[in-house]
Amino acid sequence: MAAKTVVAVLDTSVLYGNASRRALVDAIRCGRFDGVWSPHVIGELYRVLTIRWLRTHGFATTSLAELSRASKDMMDVLLAALHLVDTSPSADEALTVLDDADDYHLVRAARLAGASFVVSANTRDFPPKNTEGRHVFEDIEFIECAPFLARIGANEAP
């Protein structure tokens, strides 16, 4: 019997940096896990990367054209690699699942996708550690990128 595929929701914080984004996409392409994101992650990712770009490169017409091209290229890569989950809350769901209510979409995406992990660099908003020292909420483990990649054997040959 084939092993169950690992499913992980990727938070904006691990898609923001080039190195972690590339490592995660490479692991998806190698079949190490199925990646999931949400409209919330897409919106936040565009916002933070655009702000970073404009602070670095300014508002000149050529810079804005380069920003547009880079954004489209990144989106093409991520759309090919990640599954999109609609994270609009339903009326019967409690919105106070984590200390940061803005992270609710991560739990909702994980629930809908059947994900075992939320991969994030935003450790201050992780749920408290359980008795095993892991940050788990409703059987969903919140984990940083490097430990997640090590856990799924992404550093090993497929």
Side-chain angles (χ1 to χ4, degrees), residues 4-57 64 66-129 134-152 154-155:
K4 180 182 173 191
T5 302
V6 173
V7 179
V9 174
L10 304 183
D11 189 13
T12 303
S13 59
V14 295
L15 296 173
Y16 177 79
N18 289 331
S20 59
R21 182 173 59 241
R22 285 187 182 124
L24 290 162
V25 168
D26 287 348
I28 291 168
R29 288 179 176 160
C30 289
R32 295 294 183 184
F33 77 104
D34 288 337
V36 176
W37 64 348
S38 72
H40 291 85
V41 171
I42 293 170
E44 187 175 33
L45 183 61
Y46 262 92
R47 178 181 57 81
V48 296
L49 289 176
T50 298
I51 291 168
R52 181 176 75 178
W53 181 281
L54 294 174
R55 285 182 178 156
T56 303
H57 300 285
L64 295 177
E66 291 172 14
L67 168 61
S68 180
R69 174 69 351 216
S71 296
K72 290 174 185 172
D73 291 347
M74 179 195 66
M75 186 56 84
D76 287 345
V77 168
L78 293 176
L79 282 172
L82 300 172
H83 303 284
L84 182 65
V85 176
D86 179 7
T87 50
S88 303
S90 66
D92 62 334
E93 289 180 299
L95 296 178
T96 56
V97 295
L98 296 171
D99 288 340
D100 184 353
D102 289 340
D103 286 338
Y104 174 74
H105 66 96
L106 298 170
V107 172
R108 177 144 172 78
R111 287 174 180 163
L112 292 170
S116 301
F117 297 95
V118 170
V119 184
S120 178
N122 191 7
T123 59
R124 71 181 177 278
D125 292 329
F126 280 11
K129 288 182 180 179
R134 297 171 30 219
H135 299 275
V136 178
F137 178 83
E138 294 184 0
D139 296 324
I140 303 163
E141 182 174 356
F142 285 65
I143 188 169
E144 291 181 86
C145 185
F148 172 73
L149 291 171
R151 176 95 55 92
I152 63 170
N155 300 330

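When a residue number appears, it is its place in the shown sequence, counting from 1.
Residues Ala110 and Val118 come closest through the heavy atom pair CB-CG2, 4.3 Å. Across Val119 and Cys145, no two heavy atoms sit closer than the pair CG1-CA, 3.7 Å. Closest non-hydrogen pair, Ala121 versus Ser13, comes out as N-OG, 2.8 Å. Nearest heavy-atom pair across Phe126 and Asn122 is CD1-O, 3.5 Å. The two residues Ile140 and Ala115 come nearest to each other via the heavy atoms CG1-O, 3.9 Å.
Annotation: side-chain hydrogen bond (donor to acceptor under 3.5 Å, both in side chains) contacts of Asp86 (sequence neighbours excluded): Ser88.
If you look at Phe33 and Phe148, their ring centroids are closer than 6.0 Å.
To the nearest 0.5 angstrom, Leu84 atom CG is 7.5 Å from Trp37 atom CH2. Interatomic distance, CG of Leu10 versus CD1 of Ile28, reported as 5.5 Å (0.5 Å rounding). Here OG of Ser38 is found 9.0 Å from CD of Glu44. Values are rounded to the nearest 0.5 Å. The CZ atom of Phe117 sits 13.5 Å away from atom NE2 of His135, with the distance rounded to the nearest 0.5 Å. One finds the CZ atom of Arg134 at 12.0 Å from the NZ atom of Lys129 (value rounded to the nearest 0.5 Å). Distance CD1/Ile143 to CG/Asp11: 13.5 Å, rounded to 0.5 Å.
Within the 4.5 Å cutoff, the side chain of Arg108 has no heavy atoms near those of the His40 side chain. Counting heavy atoms from C-beta outward, Thr87 and Pro39 have side chains that approach closer than 4.5 Å.
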Let me have the donor-acceptor pairs involving side chains of residues 67-83, under 3.5 Å, with sequence neighbours excluded, atom names and distances please.
residue: Arg69; atom: NH1; partner: Asp73; partner atom: OD1; Å: 3.1
residue: Ser71; atom: OG; partner: Leu67; partner atom: O; Å: 2.9

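A cation-pi arrangement is found for Arg52 relative to Tyr16, the charged atom lying closer than 6.0 Å to the ring centre and inside a 45° cone about the ring normal.
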